[in-house]
Student: 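Take this structure first; my questions come after.
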Amino acid sequence: MNRLLGDSIQRVYLTGGAGFIGSHIVDRLLADGYHVTVVDNLSNGRREFVEPHFGNHAFKFIEADLMNDSLVRESMKGHDLVWHLAANTDIIGSHAKPRRDLNDCAIVTFNVLDAMRENGIQPILFASTGAVYGELCVDNPVTEDAGPLLPISTYAAGKIASEAFISSFSQLYGVRGWMFRFGNVVGGRMTHGVIYDFINRLRANPEELLILGDGTQQKNYFLVEECINGMAWSFLNIPMTEEKPADIFNLGTTTITKVLDIASIVVEEMGINPVIKIQGAKRAWPGDQPKVNFKVDKMTARGWVTRYSSNESIRHAVRRMLGKESLS
Ligand code: NAD
């Protein structure tokens, strides 16, 4: 059997493991025979996503805040790899509370790295975002070396700070960092995002769908299991070395989807025919990035591609949200 992270790793420390992507990682790692410790404060995650594993001796769930640096240091002891997903993902909410992005993105990442340094743990897989590109990726698809990075949300600022700390700890303290700037990750356990929002609003009112923003939004969507495989594949196939101890990879599909096409797929899969209205604002909310368009050539050149296009991924995710398809 091909185990997700190979055989050199046995014990994984997974932050944010009760969230959407993290809980799928838990399912997969436990199925592959790894020991997994999840630390999650359930600020956005859900206990029910990980509860099925509570009796499993290979699984430990710590409900705690990663802002608690001594807890992070102690609980990390004895692990082989850190998979760091915890972050504030409520971009709309953080407009009123920007400190959440400083704390839950930047400082939490620092705490995780400092605990790695003290515990002598080297590999970290980190969930960054295409949002770091800000306005750079509006007109043309960008590669990983695009810059200067001038974020338009405090969320993206927190992710850039995290990348910077990972890079510096890799140069100074032997950390090995795989950093992934995701497109939009979709699947059946989403707790936010455009697909989740459309389905919920159409359930409440099947007669009408209001599209926030100006209707021209377009992004790269890919399925959660492809996201997880892409990170694990990079860990196994792209070694970090003393010369290059950390690197950044755009992760997603080679295609993008317009928001109006998402609406069509949702409506079709729900079997309804609402009136579609467009709000007309340039940004759907402060910090919204209507177009995220990046190249994934760095990954494809090394041999990794997604199985599904952006449109196909959306259709699978919608069907999973509607219970028409199993979760992965
Ligand atoms: P999610 O909100 O479902 O998961 C994040 C988890 O982190 C949640 O369970 C939350 O409770 C936990 N958390 C937040 N702050 C914490 C803290 N201080 N201490 C302990 N736990 C804390 O989000 P997701 O969609 O699963 O995303 C996972 C990661 O991937 C995040 O870092 C996110 O920024 C990144 N990402 C996701 C997408 C996407 O489309 N889903 C796109 C780009 C990047």
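Both counts, for ligands and for their atoms, begin at 1 and track the order of listing. Hydrogens, waters and symmetry mates are skipped; everything else that's a heavy atom, side chains included, is used.
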Student: May I ask you to identify the nearest protein heavy atom to atom 23 (O) of ligand 1, giving residue, atom name and distance to one decimal place in Å?
Tutor: Thr89 CG2, 3.4 Å
Student: Could you report the tightest heavy-atom contact between Asn88 and Tyr155, atom names first, then the distance?
Tutor: O-CD1, 3.2 Å
Student: Does the N or O separation between Asp65 and ligand 1 drop below 3.5 Å for any pair?
Tutor: yes
Student: Please check whether Val185 reaches ligand 1 - meaning an N/O of the residue sits under 3.5 Å from an N/O of the ligand, judged on distance alone.
Tutor: yes
Student: Determine which pairs satisfy ring pair (Phe, Tyr, Trp, His ring centres under 6.0 Å) with at least one residue from residues 89-113, sequence neighbours left out, and list them in order.
Tutor: Phe110-Phe165, Phe110-Phe169
Student: On a heavy-atom basis, which atom in Gly134 and which in Val138 lie closest, and how many Å separate them?
Tutor: O-CG2, 4.5 Å
Student: Using every non-hydrogen atom in the two residues, find where Val267 and Ile272 come nearest and quote the distance to one decimal.
Tutor: CG1-O, 2.9 Å
Student: Under 4.0 Å from ligand 1, counting heavy atoms only, is it the side chain of Ala131, its backbone, both or neither?
Tutor: neither
Student: Do me a favour and list the nearest non-hydrogen protein atom to atom 35 (C) of ligand 1 with residue, atom name and distance?
Tutor: Ala127 CB, 3.8 Å
Student: With no hydrogens and no angle check, is any side-chain donor or acceptor of Arg3 less than 3.5 Å from a backbone partner on Asp32?
Tutor: yes
Student: Just by distance, with hydrogens left out, do Thr306 and Glu226 show a side-chain donor and acceptor under 3.5 Å apart?
Tutor: no
Student: Can you tell me which residue and heavy atom of the protein come closest to atom 44 (C) of ligand 1, and the distance to 0.1 Å?
Tutor: Ser128 O, 3.1 Å
Student: Which ligand 1 atoms, with their elements, are less than 4.0 angstrom from a heavy-atom of Ser43?
Tutor: 10 (C), 11 (O), 13 (N), 14 (C), 15 (N)
Student: With heavy atoms of Asn184 as the reference, note each atom of ligand 1 found under 4.0 Å away.
Tutor: 40 (O)
Student: Is Val186 touching ligand 1 with its side chain, its backbone, both, or neither, if touching means heavy atoms under 4.0 Å apart?
Tutor: neither
Student: Is the shortest N/O to N/O distance between Asn44 and ligand 1 below 3.5 Å?
Tutor: yes
Student: How long is the span from the OG1 atom in Thr143 to the OH atom in Tyr133, to the nearest 0.5 Å?
Tutor: 6.5 Å
Student: Kindly confirm or rule out an N or O of Gly45 lying under 3.5 angstrom from an N or O of ligand 1.
Tutor: yes
Student: Would you tell me which option among Ala87, Ala18, Gly130, Gly22 has the nearest heavy-atom contact to atom 5 (C) of ligand 1?
Tutor: Ala87
Student: Between ligand 1 and Asn88, is the shortest N or O to N or O distance under 3.5 Å?
Tutor: no
Student: Considering only the protein, which heavy-atom contact is closest to atom 27 (O) of ligand 1, and what is its distance?
Tutor: Ile21 CD1, 3.7 Å
Student: Looking only at heavy atoms, is any part of Asp40 under 4.0 Å from ligand 1, and if so is it the side chain, the backbone, or both, or is it neither?
Tutor: both
Student: To check your reading of the model: name the closest protein heavy atom to atom 43 (C) of ligand 1, its residue, and the distance in Å.
Tutor: Phe182 CB, 3.5 Å
Student: If we count only N and O atoms by modelled type, under 3.5 Å, do the side chains of Thr257 and Asn311 hold a donor and an acceptor together?
Tutor: yes
Student: Could you measure the distance from the CG atom of Asp104 to the CG atom of Asn44? Nearest 0.5 Å is fine.
Tutor: 10.0 Å
Student: Can you pull out the closest protein heavy atom to atom 34 (O) of ligand 1? Residue, atom name and distance to 0.1 Å, please.
Tutor: Tyr155 OH, 2.6 Å
Student: Quick one about Asn119 and Tyr13 (side-chain donor to acceptor, distance below 3.5 Å, no hydrogens or angles considered), yes or no?
Tutor: no
Student: With sequence neighbours left out, what residues match Phe249 under ring-ring contact (aromatic ring centres under 6.0 Å, His included)?
Tutor: Phe180
Student: I'd like to know if Glu63 pairs up with Arg47 as an ion pair, taking the criterion as any Lys NZ or Arg NE/NH1/NH2 lying under 4.0 Å from an Asp or Glu carboxylate oxygen.
Tutor: yes
Student: Kindly confirm or rule out an N or O of Val39 lying under 3.5 angstrom from an N or O of ligand 1.
Tutor: no
Student: Number the atoms of ligand 1 from 1 as they appear, then name those within less than 4.0 Å of a heavy atom of Leu42, with their elements.
Tutor: 11 (O)
Student: So which atom in Asp247 and which in Lys298 form the shortest heavy-atom distance, rounded to 0.1 Å?
Tutor: OD1-NZ, 2.9 Å
Student: Looking only at protein heavy atoms, which one is nearest to atom 25 (O) of ligand 1, and how far off is it?
Tutor: Phe20 CD2, 3.6 Å
Student: Any N or O of Leu66 that comes nearer than 3.5 Å to an N or O of ligand 1?
Tutor: yes
Student: Please determine whether side-chain contact (heavy atoms from CB on, under 4.5 Å) holds for the pair Thr253 and Ser309, giving the CA-CA distance in whole Å, both sets of side-chain angles, and the decisive distance to 0.1 Å.
Tutor: CA-CA 6 Å; Thr253 66; Ser309 69; 5.9 Å; no
Student: Which value, rounded to the nearest 0.5 Å, describes the distance between Glu325 atom CD and Glu269 atom CD?
Tutor: 8.5 Å
Student: Using a 4.0 Å heavy-atom cut-off, say whether Lys159 meets ligand 1 through its side chain, its backbone, both or neither.
Tutor: side chain
Student: Find all atoms of ligand 1 within a distance of less than 4.0 Å from any non-hydrogen atom belonging to Asp104, and give their numbers and elements.
Tutor: 15 (N), 18 (N)
Student: Please say whether Leu85 places an N or O atom under 3.5 Å from an N or O atom belonging to ligand 1.
Tutor: yes
Student: Using the six-membered ring of Phe49, assess whether NZ or CZ of Arg189 lies under 6.0 Å from its centre and within 45 degrees of the ring axis.
Tutor: yes
Student: Please report which non-hydrogen protein atom sits nearest to atom 20 (C) of ligand 1, along with the residue it belongs to and the distance in Å to one decimal place.
Tutor: Asn41 N, 3.2 Å
Student: Under 4.0 Å from a heavy atom of Gly19: give me the atoms of ligand 1 that qualify, with their elements.
Tutor: 3 (O), 4 (O), 9 (O)
Student: With heavy-atom distances below 4.0 Å as the criterion, list the atoms of ligand 1 near Val108.
Tutor: 18 (N)
Student: Please work out whether any backbone atom (N, CA, C, O) or any side-chain heavy atom from C-beta onward of Ala64 is under 4.0 Å from ligand 1, and answer side chain, backbone, both or neither.
Tutor: backbone
